[in-house]
2 protein chains.
Amino acid sequence: MAKASRMTKQKRLILEILRGTRVHPTADWVYQQARQVIPDISLGTVYRNLRLLCEAGEIMELSFGSTFSRFDGNPLNHYHFVCRQCGRIYDLDLPLREELEEEVRRAGYEVEHHRLEFYGRCPECARGAGNP
Amino acid sequence: MAKASRMTKQKRLILEILRGTRVHPTADWVYQQARQVIPDISLGTVYRNLRLLCEAGEIMELSFGSTFSRFDGNPLNHYHFVCRQCGRIYDLDLPLREELEEEVRRAGYEVEHHRLEFYGRCPECARGAGNP
DNA sequence: ATATCTGCAAATGGTTTGCGGAGGA
DNA sequence: TCCTCCGCAAACCATTTGCAGATAT
C-alpha cells in the first residue's frame, strides 16, 4: 500500500525552492532560503522533508565526493558536470545512454538505473584562469 | 614541487590491504584488518593514510549514497555496480567510454575524468529472491 | 637532524531522532 | 478525530585535528 504523506506548507515550500533553482543546493542552503518565507522552520524539518521527497521520487539526492549531500529538483535521470575549481554542479543536456545498461545486463546484473558524472573545469572558470 | 611523503609501515600495510581485496572497503574495515598486523594502529592513522594515498593517486575514494566512503585499491578509472540489496560494490569489466567526454567538451567544459555507476541487483541476489 | 608521521582522544559538522504539541486529511 | 508532521534540542557517527612523542630519510 502507498505510504501516507501529507502536503504541509513546509514540504511544499521546500519542493518549490528546489524546483526553482539550478544550483543543486545543500540542505543548509535550502534551509536558509526557506527561512525567508517561514522564519521559524527548523533544519530538522528541512532534512525530514528532503528525505520524504526523495523517497517519493519528487527530487534526487546527489552525493559527490563532498561530506554533504546536494539535492536536485529534477528527479528524471540526467547527467552532471562538477567543476573542481568553483565547485558548481551543472545539469548536462546529453541524451541518456540506456545502451550502457545493456552491456551490464549481459554480465548478469539486474540494472535499475545508472549515474554518470563528469569532472573538470566549467566554461566560466576556464575562461578566467590559465592555471588552476 | 612535489610534497614530501614518507613510506611508513602503517601506510604500506594500508596500501597492501586495499590492493589485496575486491570488496571496496570502508575506512573502518581497513582499520580492523590493519589491527591484525599492527595491533595498536589508530583509526586516525588509517584515515590520514587513506587521504594521503588518494592524493598520491595510489587509491580511489568512492562515495555512493551512503554516509561513509569506500576505497578502491585500483586507481585506474573503471566502472562500478552497486547492489541495492546486499550493498556490495562490484568492479565492472567494461571498456572506458572516452567518447562520452567528447560530447561534454563540445559543450565548452574542460573534462578531466568521468564516473559511471550502475545500480540494481547483483547476480547473486537476483538468484536468491524473486521480490526484493 | 628534523620534518613528517603516529597513537590518543577530543572536537567537528552534517544528519538523524525523541519529544510533546500542532495541524492536514 | 487521528495520525503524521512540526520545532526544538540533544544524539549520532564518520571523519578530522591538536598534541607530544616516535620515526623515516
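In what follows, chains are A, B, ... by sequence order, proteins preceding strands, each numbered from 1. Remember, predicted model here, so these are calculated numbers, not experimental data.
- Here the C1' atom of nucleotide C:dG21 and the CG atom of A:D40 are 14 Å apart, to the nearest Å.
- Heavy atoms of B:R51 sit under 4.0 angstrom from primed sugar atoms or phosphate atoms, though from no base atom.
- The distance between atom CG of B:D28 and atom C1' of D:dT15, rounded to the nearest whole Å, is 12 Å.
- B:L50 places its CG atom 9 Å from the P atom of D:dT16, with the value rounded to the nearest Å.
- The shortest distance between the side-chain N/O atoms of A:Y47 and the OP1/OP2 oxygens of C:dT16 is not below 4.0 Å.
- Between A:T8 and D:dC6 there is a side-chain N or O to OP1 or OP2 distance below 4.0 Å.
- Nearest-nucleotide mapping onto DNA chain C: of B:T45 and A:S69, the residue sitting toward the 5' end is B:T45.
- Following rounding to the nearest Å, A:L43 (CG) and C:dT17 (P) show an atom-to-atom distance of 14 Å.
- Atom pair B:E61:CD and D:dT16:P shows a separation of 8 Å (rounding to whole Å applied).
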Fill in: Pair B:D91-B:N74, side-chain contact (heavy atoms from CB on, under 4.5 Å): steps then yes or no
CA-CA 10 Å; B:D91 288 322; B:N74 175 9; 5.6 Å; no
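- Residue side chain A:R6 reaches the base of D:dT4 through a donor-acceptor N/O pair under 3.5 Å, judged by distance alone.
- Distance from the side chain of B:I38 is smallest for C:dG7 among the nucleotides D:dA14, C:dG7, D:dG7.
- Taking five base pairs at each end of the helix from C:dA1-D:dT25 to C:dA25-D:dT1 and finding the rotation axis that steps the C1' atoms of four pairs onto the next four gives two axes whose angle is 50°, to the nearest 10°.
- Under the 4.5 Å side-chain criterion, counting only non-hydrogen atoms from C-beta, B:D72 is not in contact with B:I89.
- Looking at B:R48, its side chain comes within 3.5 Å of the base of C:dG7 through a donor and an acceptor atom.
- For A:R12 and D:dT4, the CZ to P distance is 19 Å, given to the nearest whole Å.
- Taking the centre of each ring, A:H114 and A:Y79 come in below the 6.0 Å mark.
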Discussion item. Evaluate A:M60 against A:H78 for side-chain contact (heavy atoms from CB on, under 4.5 Å), listing each step before the verdict.
Written reply: CA-CA 10 Å; A:M60 258 174 116; A:H78 59 282; 4.2 Å; yes
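- Side chains of A:V30 and A:I14 form a contact here, defined as non-hydrogen atoms less than 4.5 Å apart.
- With 3.5 Å as the limit, one finds no donor-acceptor pair spanning the side chains of A:T45 and A:K11.
- Within the 3.5 Å criterion, the main-chain N or O of A:Y90 finds no donor-acceptor partner in the side chain of A:H80.
- Residue contacts for B:N49: at a heavy-atom cut-off of 4.0 Å it reaches the sugar-phosphate backbone alone, with no base atom in range.
- For B:F81 and B:Y119, the ring centers are positioned 6.0 Å apart or more.
- Look at CD on A:E55: it is 10 Å from P on C:dT16, rounded to the nearest Å.
- When distances are taken from the side chain of B:Q10 to each of D:dC8, C:dG7, C:dC5, the shortest belongs to C:dG7.
- Residue contacts shown for B:F68 are limited to sugar-phosphate atoms, with no base heavy atom under 4.0 Å away.
- Closest contact between the side chain of A:S42 and the listed nucleotides D:dG7, C:dC8, C:dG14 involves D:dG7.
- Between A:Y31 atom OH and D:dC6 atom P there is a gap of 14 Å when expressed in whole angstrom units.
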